[in-house]
2 protein chains.
Amino acid sequence: MTDNATRTAIIDAGRELFGERGYNAVTIKDVAARAGFSPAMVMKVMGSKAELYTASAPPGPNLDDSGTDEPVGHQLVRRIVARRDHGEAEPWAMVSILIHDAPDPDVARATFRDRYVSRIAERIGDGTPDLRRTKLVVCTLLGLGAGARTLGMLGPDEAESEELIRQYGALVQGIIDGV
Amino acid sequence: MTDNATRTAIIDAGRELFGERGYNAVTIKDVAARAGFSPAMVMKVMGSKAELYTASAPPGPNLDDSGTDEPVGHQLVRRIVARRDHGEAEPWAMVSILIHDAPDPDVARATFRDRYVSRIAERIGDGTPDLRRTKLVVCTLLGLGAGARTLGMLGPDEAESEELIRQYGALVQGIIDGV
DNA sequence: ATTATCTATAGATCTATAGATAATGC
DNA sequence: ATTATCTATAGATCTATAGATAATGC
């Protein structure tokens with residue numbers, strides 16, 4: 001059996017790189033370099049690039065609501081705007097790319113759907129069987145991620161943070177409150 | 001000079017294939033096969049794969065409003081839902097993928113932004129200098145495309161068409177009307 | 001002895017190009 | 001003669017594997 005620390009380092013490197021660039025744009029060589037091993041080591045430990053990808057799937061959105069009385073809709077938007085302001089990678093913008101680019105898109109789709117939908121449902125307290133409101137909220141957040149980051153609309157220069165949070169947050173909160 | 005019909009056939013094939021699969025997943029061989037020529041012919045006529053891609057950029061959303069008194073927001077959503085119901089490709093879902101996968105993402109981003117933003121601005125009659133409402137509308141439509149098609153939420157089985165148009169359409173129309 | 005890791009490379013795939021051949025116009 | 005198109009292939013890149021070497025534990 002291979003070293004567990006090695007395995008973890010490789011998966012962490014994979015998660016970072018895949019999460020920024022998708023599947024095909026990242027090579028085994030890239031992951032190996034970031035993890036500090038040879039490409040052969042990555043292959044030996046993970047078996048194949050596809051298995052590395054599966055093991056490197058992102059954990060889903062962080063929805064910790066520590067000490068704020070802000071409505072959930074605004075909180076969700078605030079996180080996205082904060083990442084924009086700090087130039088950090090935007091998971092909501094990468095979801096589509098990670099699914100489309102995956103070695104098995106059907107599997108990736110199901111993984112993301114389950115992860116994102118269930119977490120948001122729990123967060124907004126959606127108890128309906130069809131989770132309609134949750135799905136609509138996920139759509140609007142995917143849209144904000146794609147629009148603000150992938151398309152580069154609503155940059156920090158053109159859309160002031162608090163104003164954007166207020167406006168788009170109200171939209172998301174409207175869905176949560178049942179339109 | 002090469003035959004113009006040949007060039008058109010190649011670009012049409014490119015537009016179809018890139019529009020379904022993005023840049024990297026489509027090979028010159030694929031485009032050549034669909035257009036009915038050899039790969040070498042495609043290269044000779046277009047120069048490079050990147051130039052073919054640029055020439056194959058999709059035209060942007062069709063926003064023809066022939067004879068309906070439905071609000072614009074609902075119309076925009078209706079088109080997306082109709083494509084879902086007919087199993088057609090969804091341009092709004094491909095935008096992110098086409099940008100991310102492009103040989104020059106910055107150029108692709110600017111192209112898409114200009115095309116989509118200006119058309120929607122015109123359609124919804126947004127005359128404000130920052131086009132804030134337009135950008136928010138684009139976000140929500142990108143989100144619906146990604147959510148319904150790339151993530152496979154809101155399939156025809158789980159979200160009835162008219163109900164979805166009513167609900168998400170109202171959301172989009174709310175932005176147009178100024179929240 | 002066994003485990004961890006590396007070097008070297010086979011085999012597949014893809015873009016791009018060189019050079020040959022077929023079709024067309026004068 | 002020129003234009004349109006093809007065959008063949010060079011060169012680059014990538015995953016995956018085979019086999020060698022270095023480190024570790026007994």
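Lettering of chains follows the sequences in order, A, B, ..., and the numbering in each one begins at 1.
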Next item on the list: Could you give me the stems involving DNA chain D, meaning stretches of three or more consecutive Watson-Crick or G-U wobble pairs whose two defining distances are both below 3.5 Å?
Entry: C:1-24 with D:1-24

Margin query: Testing the basics here: between B:Ala13 and B:Val31, what is the closest heavy-atom pair and its distance to 0.1 Å?
Written below: CB-O, 3.8 Å

Checklist line | B:Arg119/B:Glu122 salt bridge by N-O under 4.0 Å criterion | finding: no

Check: Looking at B:Arg132 and A:Glu160, what are the two nearest heavy atoms and their distance?
Finding: NH2-N, 4.1 Å

Next item on the list: Give the rounded distance in Å between these two atoms: CE of A:Met41 and P of D:dA23.
Entry: 14 Å

Notebook entry, point to check: Expressed in angstrom and rounded to an integer, what is the separation of A:Glu51 atom CD from D:dT17 atom C1'?
Noted result: 15 Å

Notebook entry, point to check: So which nucleotide from C:dG19, D:dA18, D:dG19 ends up closest to the side chain of A:Ala40?
Noted result: D:dA18

Note to self: Using only atom types and a distance under 3.5 Å, with no angle test, would you say the side chain of A:Arg113 pairs donor to acceptor with the backbone of B:Gly152?
What the structure shows: yes

Checklist line | Expected output: side-chain A:Lys49 to main-chain A:Val26 donor-acceptor under 3.5 Å | finding: yes

Next item on the list: Please name the pair of heavy atoms, one in A:Arg83 and one in A:Pro91, separated by the smallest distance, quoted to 0.1 Å.
Entry: NE-CD, 3.6 Å

Do any N or O atoms of the protein come closer than 3.5 Å to N or O atoms of nucleotides 11-15 of chain D, and which pairs are they?
unit_1, atom_1, unit_2, atom_2, d
D:dT15, OP1, A:Lys49, NZ, 2.9
D:dT15, OP2, A:Ile28, N, 3.1

Next item on the list: Give the minimum heavy-atom separation between B:Ala55 and B:Met46, together with the two atoms involved.
Entry: CB-CE, 3.7 Å

Item checked: For atom CZ of B:Phe37 and atom P of C:dT21, their distance in whole Å -> 21 Å

Note to self: Assess whether a salt bridge exists between A:Glu162 and A:Arg78, defined as any Lys/Arg side-chain N lying under 4.0 Å from an Asp/Glu carboxylate O.
What the structure shows: yes

